[in-house]
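Heads up, the thing below is written out as structure tokens.
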Amino acid sequence: MNNAEVAGILNNIAILLEMQDVPFKPVAYRRAALTITSLDTDLSKIKDLDSLPNIGIHIAKKINELLTTGKLDYYEKLKKKVPVNIEELITVPGMGPKTILKLYKELKIKNKKDLEEAALKQKIRNIKGLGAVMEQKILSHIQLEKKEEKRTFLIEGLDTSDEIITTLKKSNLVETGIAAGSIRRMKETIGDIDILCTSKKPKELMDVFTKMSVVKEVISKGETKSSIRTNKGLQVDVRVVKQSEFGSALQYFTGSKEHNVEVRKIAISKGFKLSEYGLFKNDKLIAGKTEDEVYKALGMDYIPPELRENTGEIDLAIRHALPILVEQSDIRGDLHVHSKFSDGLTSIEEIANYCKDVLKYEYIGLCDHFGGLKIANAMNEKDAAKRLKEINDLNSTYSGFKIINGAEVDIKPDGKLGVNNNALSKFDFVTASVHSSFNLSIDDMTNRLINALKNEKVSLLGHPTCREIFGRKPILFNEDKVFEAAVKYNKPLEINAFFNRMDLNDMMTSRAKKRGVTFCIDTDSHAIKHLDYIRLGLGIARRAGLTKKDILNTKEVSKIL
DNA sequence: GCCGTTTTCGGCCCGACTGTTTTCAGTCG
Ligand SMILES: Nc1nc2c(ncn2[C@H]2C[C@H](O)[C@@H](COP(=O)(O)OP(=O)(O)OP(=O)(O)O)O2)c(=O)[nH]1
Ligand SMILES: [Mg+2]
Ligand SMILES: [Mg+2]
Ligand SMILES: [Zn+2]
């Protein structure tokens with residue numbers, strides 16, 4: 001039984017207990033499940049389970065029973081009382097523990113199929129406490145759901161929230177509009193789009209919001225909170241508050257939920273109450289205009305959104321020990337950019353101008369594919385020579401900006417590069433990365449990456465895990481050994497910021513930092529607009545707590561060659 | 001069931017929207 005399965009069962013127990021109105025235990029089981037979900041080691045490898053946060057002796061014992069027997073008596077007994085497919089039913093909006101219980105008792109509904117049939121026969125509307133509206137909601141959800149992916153890419157959230165805020169602002173009813181939730185925290189995937197607005201006319205603003213042309217369905221609508229679904233199937237939540245409440249509302253709406261709960265507990269312990277409307281002491285407003293004010297009043301330093309996951313940031317903020325996170329303005333260049341000379345779409349000059357004039361970089365590393373990779377239209381020696389001349393010509397026209405003559409080369413299964421080191425001697429910067437044979441044994445893959453890192457011509461290990469979000473699984477290797485090699489040979493690991501790679505991800509970056517690894521945030525651009533993905537890479541870096549000095553491309557060009 | 005600069009019992013975040021509702025439960029953020 002793996003971690004996800006154990007967490008799933010603990011979550012189901014929480015729901016079964018809620019059905020019986022058991023107080024507090026559901027929260028305890030949910031927290032335990034969350035702890036397990038965020039674990040990066042297998043439960044079976046952990047000896048003292050009850051030393052994990054939110055897992056005490058009782059849940060630890062239950063986990064052990066699950067791990068050794070594959071079953072849990074306590075869970076089986078709970079299920080016997082309400083033998084329904086919880087996972088399936090709970091995904092239907094509006095279906096919570098109480099509704100599931102009621103429908104089982106009254107109509108023997110055990111799963112989605114039963115639910116759909118009952119709704120079609122108009123049986124649900126007759127249940128006391130339910131009605132025709134609920135019946136219709138259930139039906140339309142079950143029939144429309146089909147194949148919707150639940151979460152989506154961060155970049156889609158960033159772009160769509162920008163578009164919606166722009167649309168809302170056209171009404172002149174918005175004072176401040178900002179994306180919140182997981183978008184503001186820069187999570188690699190987002191479940192919905194959360195937008196906070198301040199306005200003097202919330203009612204009118206909500207009318208505008210729920211009547212936008214992209215709205216397919218209005219999920220709920222109130223004066224301070226409304227939700228819609230777009231024609232692309234994305235849910236958008238908008239909260240509207242007064243400008244004077246902006247800080248506390250943003251603190252609330254940015255989350256994470258777990259962070260909020262923890263901060264609110266601290267407020268309680270100090271005799272305050274914290275909500276989206278402000279920090280209060282005996283109904284007297286203490287803070288609320290800015291987030292900074294709220295955190296300060298609670299004895300904390302301001303916590304950057306990317307860190308608000310209740311993974312230790314609150315303690316650090318109290319002890320004034322938060323890291324000073326890397327910022328966009330610290331980035332001096334992008335060291336993994338493709339041009340027309342391989343599979344990119346853009347001329348070198350266009351790329352250079354954008355980096356120099358718009359992004360204010362001091363350098364770019366042109367890392368067109370070189371040798372070996374047929375699919376990516378790799379350069380041969382002749383192409384490389386032609387490109388070098390173009391680079392030199394352009395460089396002679398710049399002051400304070402430099403195009404670095406780099407290459408991206410393939411790492412073969414044995415860890416040798418796609419081309420020999422002699423052929424690489426002409427390049428000043430070499431990104432080595434895996435592009436095929438993703439399924440080696442862990443040992444072989446580990447040796448493959450270590451051999452690449454060991455190679456004196458290699459400057460950087462590109463997209464180290466090769467995972468694609470919602471797509472290819474990461475390649476498997478011994479993390480500790482690879483991190484160790486990266487430190488030993490003084491080679492940074494790439495934080496590849498391409499929207500569907502984001503590789504290394506936040507968690508692995510955080511673990512690597514603890515082992516002393518350094519990093520390089522690259523966009524892997526193949527077109528001008530990809531260069532802006534740097535902010536996705538910054539999101540990963542900041543979520544992992546990286547500072548300027550952890551990152552190669554915050555350094556001057558003379559220090560990286 | 002978990003947890004502890006109000007340490008081993010007594011508390012556990014707080015509020016909006018819907019409709020099941022006419023004074024509130026349930027679900028969701
Ligand atoms: N205090 C408190 N705040 C919550 C709760 N649930 C959600 N929030 C706040 C924090 C969340 O970041 C914010 C938006 O809620 P979402 O459900 O959209 O979650 P979030 O955006 O963090 O993740 P997502 O990617 O949408 O799944 O609302 C809660 O139970 N209590
Ligand atoms: Mg969200
Ligand atoms: Mg939301
Ligand atoms: Zn590349």
Side-chain angles (χ1 to χ4, degrees), chain A residues 10 13-15 17-19 21-35 49-63 74 89-103 106 124-138 141 180-182 191-196 202 206 210 218-228 235-241 245 248-249 251-280 298-299 310 314-315 318-319:
Chain A
L10 296 180
I13 291 174
I15 293 167
L17 292 170
E18 271 175 335
M19 289 180 183
D21 273 320
V22 177
F24 306 113
K25 286 192 189 187
V27 174
Y29 276 95
R30 256 191 210 105
R31 288 205 182 118
L34 201 66
T35 296
L49 285 170
D50 63 338
S51 67
L52 291 171
N54 301 314
I55 295 178
I57 48 168
H58 297 97
I59 291 183
K61 201 161 159 256
K62 292 184 171 73
I63 294 171
Y74 176 70
L89 292 173
I90 204 77
T91 61
V92 180
M95 293 279 285
K98 295 295 165 62
T99 313
I100 292 173
L101 178 66
K102 193 178 289 176
L103 287 174
E106 308 263 340
I124 288 173
R125 61 180 65 191
N126 301 324
I127 306 291
K128 188 169 177 293
L130 296 163
V133 178
M134 184 70 185
E135 188 176 87
Q136 190 48 49
K137 269 192 172 175
I138 288 170
H141 175 266
S182 48
D192 67 358
I193 291 175
D194 302 294
I195 294 173
L196 175 67
M206 286 310 194
T210 51
V218 177
I219 298 167
S220 69
K221 186 180 173 204
E223 268 193 49
T224 166
K225 175 178 166 181
S226 300
S227 297
I228 59 110
Q235 180 171 331
V236 185
D237 298 339
V238 164
R239 294 263 351 215
V240 181
V241 297
E245 298 160 341
S248 46
Q251 196 287 322
Y252 152 73
F253 212 25
T254 298
S256 64
K257 175 189 170 185
E258 291 71 27
H259 174 91
N260 286 357
V261 170
E262 216 46 44
V263 172
R264 286 171 180 208
K265 280 187 193 163
I266 288 173
I268 294 170
S269 74
K270 293 184 181 297
F272 298 120
K273 181 183 74 171
L274 178 61
S275 76
E276 55 266 51
Y277 298 108
L279 181 66
F280 299 90
L298 290 170
N310 192 31
I314 291 172
D315 271 349
I318 292 170
R319 287 167 25 223

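The sequence lines fix the lettering, A, B, ..., with proteins before strands; numbering per chain opens at 1.
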Checklist entry - Across all strands shown, which nucleotide pairs with B:dC28 by Watson-Crick or G-U wobble geometry, both distances under 3.5 Å? => result B:dG15

Checklist entry - Which label fits B:dT7, syn or anti, where anti is any glycosidic angle not within 90° of 0? => result syn

Next on the checklist: At less than 3.5 Å, do the side-chain atoms of A:Tyr252 and the base atoms of B:dG29 form a donor-acceptor pair?
Outcome noted: yes

Checklist entry - Taking the same atom, P, in B:dT18 and in B:dC13, what whole-Å distance lies between them? => result 26 Å

Next on the checklist: Distance check, C1' atoms only: B:dT7 and B:dG11, in whole angstrom units.
Outcome noted: 13 Å

Next on the checklist: Under a 3.5 Å threshold, yes or no: a donor from one side chain and an acceptor from the other, between A:Asp237 and A:Gln235?
Outcome noted: yes

Next on the checklist: Taking B:dT8 as the reference, what is the distance to B:dC3 when you measure between their C1' atoms (whole Å, please)?
Outcome noted: 9 Å

Checklist entry - Can you tell which of B:dG29, B:dC13, B:dA16 lies closest to the side chain of A:Lys265? => result B:dC13

Checklist entry - Quick one: do A:Lys265 and A:Glu258 make a salt bridge, cutoff under 4.0 Å? => result no

Checklist entry - What's the closest nucleotide to the A:Tyr277 side chain, out of B:dG15, B:dG1, B:dC17? => result B:dG15

Next on the checklist: Nearest to the side chain of A:Phe253, heavy atoms from C-beta on, is which of B:dG29, B:dC2, B:dG1?
Outcome noted: B:dG29

Item to check | Ionic contact status for A:Asp21 with A:Lys98, cut-off 4.0 Å | outcome: yes

Next on the checklist: For B:dC12, is there a stacking contact with A:Phe24, counting only centres under 5.5 Å and planes under 30°?
Outcome noted: yes

Checklist entry - Which of these nucleotides, B:dT27, B:dC2, B:dC17, is closest to any side-chain atom of A:Thr99? => result B:dT27

